[in-house]
J.: 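Quick one: structure below, then a few questions.
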Amino acid sequence: MSRYTAAEIEANWQKAWNEAGIFRAASSSEKPKYYVLEMFPYPSGRIHMGHVRNYTMGDVIARHKLATGHNVLHPMGWDAFGMPAENAAMAIGGHPKDWTYANIADMRDQMKPLGLSIDWSREFATCDPEYYGQQQALFLDMLKAGLVYRKNAVVNWDPIDMTVLANEQVIDGKGWRSGADVERRELTQWFFAISDMAEELLGALDGLENWPAKVRLMQENWIGKSRGLQFAFGLIDGPDGHDRIDVYTTRPDTLMGASFVGISPDHPLTKHLEADNAELAAFCADVRKGGTTEEALEKAEKRGFDTGLRVRHPFDTAWELPVYVANFVLMDYGTGAIFGCPAHDQRDFDFATKYELPIVATYLPSEDSNPELTEAYVPTKTDKVYYNKGFAGDTWQTGNQAVDAAIDFCEAQGVGQGVTKYRLRDWGLSRQRYWGCPIPVVHCDTCGVVPEAKENLPIRLPDDVTFDIPGNPLDRHPTWRNTSCPKCGADALRETDTMDTFVDSSWYFARFTAPHATTPTDLAEAEYWMNVDQYIGGIEHAILHLLYSRFFARAMQITGHLPKKAIEPFNALFTQGMVTHEIYQTMGDNGRPVYHLPEDVKDGKLTDGTEVQIVPSAKMSKSKKNVVDPAQIISAYGADTARWFVLSDSPPERDVEWTAAGAEAASKHLARVYRIVSDIVASNDADVPDADEALLREMHKAIQAVSAGVEAFGFNAAIARLYAFTAALGKSNAGTAAKRQAASALAQLMSPMTPHLSEELWSMLGHSGLIATAPWPVADPAMLVDAAITLPVQVNGKRRAEIQVPPDMPKEEVEKLALGLDAVQRALDGGTPKKVIVVPGRIVNVVV
RNA sequence: GCGGGCGUGAUGGAAUGGUAGACAUACCAGACUUAAAAUCUGUUGGGCCUUGUGCCCGUGUGGGUUCGAGUCCCACCGCCCGCACCA
């Protein structure tokens with residue numbers, strides 16, 4: 001008997017698919033289109049199990065859609081610009097371009113053995129001039145449409161390396177290479193005007209029904225629409241030109257609890273005062289140290305500097321409040337000034353305690369509660385709130401109702417206006433780095449900032465650059481910068497900033513619909529293929545990448561590069577979990593752990609017998625060495641085993657732990673299926689009506705359950721069902737004809753997950769043509785209904801018995817039957833049932 | 001710090017508000033074998049004794065809603081993701 005040899009089978013069928021060209025997508029088709037896309041990879045050099053999981057899930061969807069009569073687009077590309085290429089050039093020499101393209105070639109070679117149903121004819125990398133040139137054209141159109149502008153923005157500045165750092169390069173407030181204290185510094189940067197679309201991006205979330213609710217909620221919170229009060233504190237004896245401090249607050253209902261006013265170190269008033277106050281200048285310089293991330297700012301110790309200035313409370317001119325420059329007040333949000341209400345905000349409470357400022361409660365959980373607070377009182381959702389110092393009576397509650405009432409009251413009193421604001425900031429796209437898409441503008445002494453002419457695109461990156469010193473090589477390139485002004489023809493300088501790599505990934509999905517077009521998109525192709533019907537990727541992209549892509553879809557519609565239907569580019573989104581692995585470590589001489597690759601550990605020991613410490617599973621990462629190389633798994637077990645395992649053990653949205661035992665089990669199961677089907681093919685048993693019927697019923701139930709699982713991203717549940725169906729088939733004593741029918745269905749149901757094995761089985765069972773394009777089996781509803789069902793019978797919610805009843809038995813009869821049971825009578829213990837709840841097909845509950 | 005998510009046997013996990021632990025792993029027992037591997041079969045949440053179609057407990061902790069809660073609500077604990085220049 002022949003054995004299951006994955007390597008041979010997989011190579012053969014991949015060749016057959018290629019020759020048949022079944023994965024090439026053409027926009028001319030009578031079938032309904034289906035566009036399935038996985039977030040494209042960064043070409044780091046090696047594919048990892050996370051990629052295998054992501055692309056296998058997409059492949060299951062793509063293959064299922066192909067089998068259900070769709071015209072499927074399933075492309076692949078490379079998110080190829082970014083810092084690691086420059087880091088590699090710095091660390092090991094060479095050129096980012098060579099490094100990147102070599103990595104792409106390697107990763108493509110590692111990916112192809114997985115047998116993914118990808119249309120490789122559409123492949124591109126974002127660092128191809130054919131791609132980034134179109135991106136430059138897009139940028140120019142957006143510039144023309146007023147969607148791009150320049151303004152100052154704060155960056156991380158390394159004062160020793162004299163270079164801008166990415167947040168990732170700032171470690172504990174210090175530069176990663178120089179170790180210098182990082183400073184926040186302003187630079188003029190290009191911005192996309194995404195905040196103008198805040199309301200639109202927020203409102204349209206409601207229509208994204210096939211996105212996870214958590215992603216919509218995260219985007220909603222990120223956009224951060226708030227209604228609040230904008231008003232002014234009158235400044236007493238302020239310096240020239242400063243007679244008030246404008247404040248925006250979302251909590252005007254706590255205005256009577258105000259205890260101080262805080263202004264940002266970057267506030268105009270601060271800058272004014274700083275000029276002739278050395279002490280304040282030193283304070284500001286000090287708080288400007290450290291990185292720019294919101295996390296760093298929020299976690300930093302709250303510090304303030306008393307300016308000595310005082311403001312008047314708007315409702316009581318005799319009430320004066322001190323003005324502090326405070327490091328936790330952001331210039332980017334609101335007006336760059338806040339009022340502090342220590343009683344109801346823990347941050348303000350800490351600040352007030354530190355600087356001995358009054359703490360005035362405006363509301364409390366009850367009338368008699370003690371207003372001497374030891375921490376800020378922030379009502380929980382269930383607290384009833386009593387006002388003791390509201391300013392328009394004591395009838396308000398907290399929440400929106402109180403905020404609205406406070407705004408109305410303030411407006412009536414002529415103190416400020418209700419204002420809607422968004423947390424969403426404009427998207428700074430300038431990067432002071434080489435390996436990115438050049439921003440296509442020139443700086444001309446006469447004409448200022450001038451867009452490049454489209455006929456000069458693509459503005460190509462120069463190849464002759466070095467990375468031996470920090471900073472942007474474009475900036476110090478001897479000739480690249482020198483150009484002429486597209487407007488007046490005079491000598492001019494190129495912009496040397498390149499674009500954020502998020503720009504590259506914000507429209508690649510549109511480019512896949514016409515990857516070779518000489519414009520960013522081909523409208524007819526986009527009209528046919530858009531939207532992406534199913535997008536799949538990691539939850540880590542829930543906010544930025546997806547929000548930026550939604551913005552770009554709108555921008556591309558405004559600039560005429562996408563049809564109206566593509567305003568929301570992703571019809572359905574699925575966020576998959578990570579692949580994790582245990583970490584194996586021993587203690588090194590320096591007291592730090594030394595990590596070991598899983599392949600070097602057997603039964604908890606290294607090859608030399610040293611025991612390793614096992615740390616619970618975490619995301620696979622090179623630094624912890626808890627990685628498994630997909631290429632090794634494929635050569636050991638085959639691609640189908642790798643695919644089967646990453647789908648089988650966990651729900652797709654959750655993390656899956658890679659275990660050698662799990663891979664082994666997957667491999668054994670596929671061999672078992674192969675053996676069972678081989679035996680069936682070799683058999684010649686007569687029909688056995690009862691057994692045949694039972695097996696075919698199992699088959700239809702499996703078709704039903706697996707189809708539902710595949711469609712609803714319940715891959716693990718679908719696979720569990722396939723295990724059960726395989727067992728039923730293996731044990732069945734049905735005749736050969738019924739078994740062949742069931743085996744054919746099994747092969748088809750497995751085909752999205754294990755496409756190679758399924759093709760082999762399909763061919764063994766005597767079918768002609770490819771299983772990949774064979775019509776998906778359909779369950780016969782009549783075969784799904786059983787003659788009798790089992791109903792659990794509960795007494796007061798505890799299961800006491802079960803009864804077998806026909807599925808359509810009337811409620812009254814079920815009730816009578818249940819009450820007649822010995823077990824129920826015993827549990828009733830002579831009591832009379834108050835009521836009996838019968839949920840048809842589900843349960844009976846007798847309530848005493 | 002802020003926003004979001006998750007938490008179920010020894011392990012991964014299953015369960016439209018309706019029999020908690022499907023399916024798989026591991027363990028144990030059995031069959032086959034000279035033996036091992038492979039394969040096949042069976043058992044396995046904890047406890048009780050009266051061994052029954054038995055009873056009690058059990059889904060991070062504490063409360064609540066409901067005839068009924070792993071599932072919904074509130075509070076807390078732990079872990080994970082994101083925080084705008086990582087991709």
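Just so we're clear, the structure is a prediction, and the values are computed from it rather than from any experiment. Just so it is clear: chains get the letters A, B, ... in the order the sequence lines come, proteins before strands, and each one is counted from 1.
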J.: Taking only Watson-Crick and G-U wobble pairs with both distances under 3.5 Å, what dot-bracket line describes RNA chain B, where [ ] shows pairs that cross earlier ones and | shows pairs with another strand?
T.: (((((((..(((.....[....)))(.((((.......)))).)(((((..).))))..(((((..]....))))))))))))....

J.: Is Gln794(A) side chain donor-acceptor paired with the C67(B) base, going by distance under 3.5 Å alone?
T.: no

J.: Give a yes/no on whether any side-chain N or O of Arg425(A) is located under 4.0 angstrom from OP1 or OP2 of A84(B).
T.: no

J.: Report the distance from atom NZ of Lys701(A) to atom CD of Glu698(A), rounding to the nearest 0.5 Å.
T.: 5.5 Å

J.: More 5' along RNA chain B: Thr790(A) or Ile719(A), using each one's nearest nucleotide?
T.: Thr790(A)

J.: Where the side chain of Ile843(A) is concerned, which of G18(B), C85(B), A84(B) is the nearest nucleotide?
T.: G18(B)

J.: So, using salt bridge (Lys or Arg N to Asp or Glu O under 4.0 Å) as the criterion, who are the partners of Asp504(A) when residues are at least two apart?
T.: none

J.: When you check every protein heavy atom under 4.0 Å of nucleotides 6-17 of chain B, what one-letter string (B, S, -) results, 5' to 3'?
T.: -S----SSS-B-

J.: Please measure how far the C1' atom in U8(B) lies from the corresponding atom in G4(B), and state the result in whole Å.
T.: 22 Å

J.: What donor-acceptor contacts under 3.5 angstrom involve side-chain atoms of residues 833-843 of chain A, with partners at least two apart or in another chain?
T.:
none

J.: What is the nucleic acid contact for Phe328(A), judged by heavy atoms within less than 4.0 Å: base, sugar-phosphate only, or nothing?
T.: nothing

J.: Scan Leu217(A) against the nucleic acid and name what it touches under 4.0 Å (heavy atoms): base, sugar-phosphate only, or nothing.
T.: sugar-phosphate

J.: Reading nucleotides 36-54 of chain B 5' to 3', which nucleotides get B (base under 4.0 Å from a protein heavy atom), which S (sugar-phosphate only), which -?
T.: ---SSS-------------

J.: Which letters describe nucleotides 69-79 of chain B, given B = protein heavy atom under 4.0 Å from base, S = only from sugar-phosphate, - = neither?
T.: -----SS----

